[in-house]
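Heads up, the thing below is written out as structure tokens.
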Amino acid sequence: QLQLVGSGGGLVQPGGSLRLSCAASRFSLDHYAIGWFRQAPGKGREAVICISRLGDSATYSHSVKGRSTITRDSVNNTVYLQMNSMKPEDTAIYYCALTTRCNDAEGAYTTWGQGIQVTVSS
């Protein structure tokens, strides 16, 4: 059974940075595109960013463009989401998920990691 484990959340001050991790232990993430979604309080789940199997990235959330980077570490079988210049509106539960090709449709993602709470507050 495919399983993703997310980590790295917590409390960060406005303007600060945070790196979220999405790891797998029983299969290679290199075979999949990996996307990050987030769900803010009282809102629906939003596609944030995705990295393809070839390493190309696509940013779907306009609010994070220029502030977020997604990368792969094949050695550690982990995908990272680096977020900089964080804002209170980045507060959300973040999820990583598997798909075959990057897209912003939640239904196209087949396996989800557990949610990671990120809070941006002073």
Side-chain angles (χ1 to χ4, degrees):
Q1 182 177 358
L2 303 183
Q3 186 176 15
L4 298 176
V5 179
S7 62
L11 176 65
V12 61
Q13 292 188 340
S17 298
L18 196 68
R19 189 177 76 165
L20 303 180
S21 302
C22 180
S25 59
R26 299 180 180 180
F27 64 98
S28 174
L29 292 178
D30 288 348
H31 300 313
Y32 298 90
I34 308 297
W36 284 95
F37 286 73
R38 67 183 182 182
Q39 187 166 16
K43 296 186 178 181
R45 197 173 294 185
E46 170 194 31
V48 178
I49 196 168
C50 181
I51 188 166
S52 73
R53 286 175 286 183
L54 297 178
D56 301 319
S57 64
T59 303
Y60 300 114
S61 172
H62 291 291
S63 68
V64 306
K65 279 187 176 179
R67 302 190 294 118
S68 297
T69 305
I70 187 170
T71 55
R72 286 186 183 273
D73 180 346
S74 297
V75 173
N76 292 305
N77 203 27
T78 301
V79 169
Y80 300 103
L81 171 61
Q82 176 74 38
M83 296 190 67
N84 303 318
S85 302
M86 296 193 72
K87 305 174 182 179
E89 50 263 44
D90 292 323
T91 295
I93 300 174
Y94 286 72
Y95 302 86
C96 62
L98 299 179
T99 189
T100 53
R101 297 179 64 183
C102 280
N103 67 93
D104 61 356
E106 187 176 341
Y109 291 77
T110 56
T111 299
W112 293 77
Q114 86 285 8
I116 306 168
Q117 179 67 53
V118 172
T119 303
V120 184
S121 175
S122 56

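The residues of the chain are indexed from 1 along the displayed sequence.
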### Message
Restricting to salt bridge (charged side-chain N to carboxylate O under 4.0 Å, His left out), what partner residues turn up for Arg45, sequence neighbours left out?
### Response
Glu106
### Query
Ring centroid separation for Phe37 and Tyr109, is it under 6.0 angstrom?
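Aromatic pair counts; centres sit under 6.0 Å.
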Let me confirm one number: the [atom1]-[atom2] distance from [X] to [Y], rounded to the nearest 0.5 Å.
X: Arg53; Y: Thr100; atom1: CZ; atom2: OG1; answer: 6.5 Å
X: Ile49; Y: Tyr60; atom1: CD1; atom2: OH; answer: 9.5 Å
X: Phe27; Y: Thr111; atom1: CZ; atom2: OG1; answer: 6.5 Å
X: Ile51; Y: Thr59; atom1: CD1; atom2: OG1; answer: 10.5 Å

Do [X] and [Y] come close enough that some side-chain heavy atom pair is under 4.5 Å?
X: Asp90; Y: Val118; answer: no
X: Met86; Y: Thr91; answer: no
X: Leu29; Y: Leu4; answer: yes
X: Leu2; Y: Tyr32; answer: yes

With clusters defined by side-chain heavy atoms of hydrophobic residues (ILVMFWY) lying less than 4.5 Å apart, directly or transitively, does [Y] cluster with [X]?
X: Tyr95; Y: Ile34; value: no
X: Leu20; Y: Trp112; value: no
X: Leu98; Y: Val79; value: yes

Quick check: does any side chain N or O of [X] sit under 3.5 Å from a backbone N or O of [Y], one acting as donor and the other as acceptor?
X: Asn77; Y: Ala23; value: no
X: Arg72; Y: Leu54; value: no
X: Thr78; Y: Asn76; value: yes
X: Arg19; Y: Gln82; value: no
X: Gln114; Y: Gly6; value: yes

### Within 6.0 Å of NZ in Lys65, more than 12 heavy atoms from elsewhere
yes
### Query
Does the pair Ser121 and Leu11 meet the rule for a side chain to side chain contact (heavy atoms under 4.5 Å, CB included), with working shown?
CA-CA 7 Å; Ser121 175; Leu11 176 65; 4.1 Å; yes
Please give me the minimum heavy-atom distance between [X] and [Y], naming the atom from each residue.
X: Ile116; Y: Ser7; answer: CD1-N, 3.3 Å
X: Ser122; Y: Pro14; answer: N-CD, 3.6 Å
X: Thr99; Y: Ala108; answer: OG1-O, 3.0 Å
X: Ser68; Y: Leu81; answer: CB-CD1, 4.2 Å
X: Arg38; Y: Ala92; answer: CB-CB, 3.9 Å
X: Cys22; Y: Trp36; answer: CB-CZ2, 3.6 Å

